[in-house]
Amino acid sequence: QVQLVESGGGLVQAGGSLRLSCAASGRTFSIAMGWFRQAPGKMREFVAAISWSGANTYYVDSVKGRFTISRDNAKNTVWLQLSSLKPEDTAVYYCAARYVFGAGGMSHASSDYRYWGQGTQVTVSS
């Protein structure tokens, strides 16, 4: 199995940027990764996903052009670069992992991910 630890959250003004990190440990081979977020009183929602190879990425429409997901398998780390932040981006951000076969395996469905980090808070002030 894999263990995930997020970091990099914080308080930022609207228009600012943050870089979230997700460090994986354990059995880290052949895992596709996703980022999700949950705002107070709302359901957890998909933000971005990246394939095991890193060649394919997928974003929810509301963050396209503002957020970038990337990974370095040699470092067992996935990042989510958050730019042009808006107050509505305020949430706890979670990274998640799922074992896949081959280079693909992205998913936007939280139910497809078995392993989750503890979350990191992002607060965007207006």
Side-chain angles (χ1 to χ4, degrees):
Q1 57 184 4
V2 60
Q3 294 79 43
L4 305 172
V5 178
E6 303 98 332
S7 61
L11 173 64
V12 63
Q13 289 188 331
S17 299
L18 283 173
R19 190 191 197 197
L20 307 183
S21 299
C22 176
S25 60
R27 182 174 169 267
T28 59
F29 185 78
S30 194
I31 51 174
M33 301 292 294
W35 283 96
F36 293 77
R37 65 186 180 185
Q38 188 167 18
K42 295 188 177 181
M43 299 283 288
R44 186 173 298 187
E45 68 168 346
F46 168 78
V47 177
I50 189 166
S51 61
W52 160 240
S53 69
N56 301 105
T57 57
Y58 180 57
Y59 300 91
V60 68
D61 285 347
S62 61
V63 309
K64 284 181 181 177
R66 300 190 300 121
F67 293 5
T68 303
I69 189 171
S70 60
R71 69 187 299 164
D72 184 337
N73 289 343
K75 297 181 178 179
N76 294 323
T77 302
V78 174
W79 296 276
L80 185 68
Q81 178 69 44
L82 287 61
S83 302
S84 301
L85 282 161
K86 305 175 181 180
E88 51 263 44
D89 294 318
T90 295
V92 177
Y93 283 71
Y94 299 89
C95 68
R98 61 190 299 255
Y99 288 108
V100 296
F101 297 99
M106 294 188 300
S107 174
H108 65 279
S110 60
S111 58
D112 285 341
Y113 292 86
R114 181 174 181 180
Y115 303 97
W116 294 81
Q118 81 288 350
T120 185
Q121 176 71 46
V122 172
T123 303
V124 184
S125 63
S126 57

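In what follows, residues are counted from 1 in the order of the sequence shown. In what follows, every heavy atom counts, from backbone to side chain, and hydrogens, waters and symmetry copies are set aside.
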About how many Å separate [atom2] of [Y] and [atom1] of [X], when rounded to the nearest 0.5 Å?
X	Y	atom1	atom2	result
M33	S51	CE	OG	12.0 Å
Q38	S110	CD	OG	9.5 Å
T28	K75	OG1	NZ	14.5 Å
R98	M106	CZ	CE	10.0 Å
E88	S126	CD	OG	10.0 Å
E45	W35	CD	CH2	14.5 Å

In this structure, are over 12 heavy atoms from other groups packed under 6.0 Å from Q13 atom CD? no
Answer yes or no: is there a donor N or O on one side and an acceptor on the other, between the side chain of Q118 and the main chain of V5, under 3.5 Å? no
Under a 3.5 Å distance rule, please check whether S30 uses its side chain to pair with a backbone N or O of V100 as donor and acceptor.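 Checking the backbone N and O of V100 against the side chain of S30, a donor-acceptor pair under 3.5 Å is found.
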Can you name the nearest heavy-atom pair linking [X] to [Y], along with the distance?
X	Y	result
D61	K64	OD1-NZ, 3.0 Å
R66	L85	NH1-CA, 3.9 Å
T120	G9	OG1-N, 3.1 Å
L80	A48	CD1-CB, 4.1 Å
A97	V2	CB-CG1, 3.9 Å
A91	Q121	O-NE2, 3.4 Å

For the residue pair [X] and [Y], establish whether any side-chain heavy-atom pair is separated by less than 4.5 Å.
X	Y	value
Q81	R19	yes
Y93	L82	yes
F36	Y113	yes
I31	R71	yes
D72	W79	yes
F29	N73	no
Y94	L4	no

Angle class for the Y99/Y115 ring planes (parallel below 30°, perpendicular above 60°, tilted otherwise)?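 Y99 vs Y115 ring planes: perpendicular.
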Can you list every disulfide (SG to SG under 2.5 Å) pair that touches residues 43-101, not counting sequence neighbours? C22-C95
Do the charged groups of K86 and D89 touch, with an N to O distance under 4.0 Å?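 No.
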side-chain contact (heavy atoms from CB on, under 4.5 Å) between V63 and R37: does it pass, once the steps are laid out? CA-CA 12 Å; V63 309; R37 65 186 180 185; 4.1 Å; yes
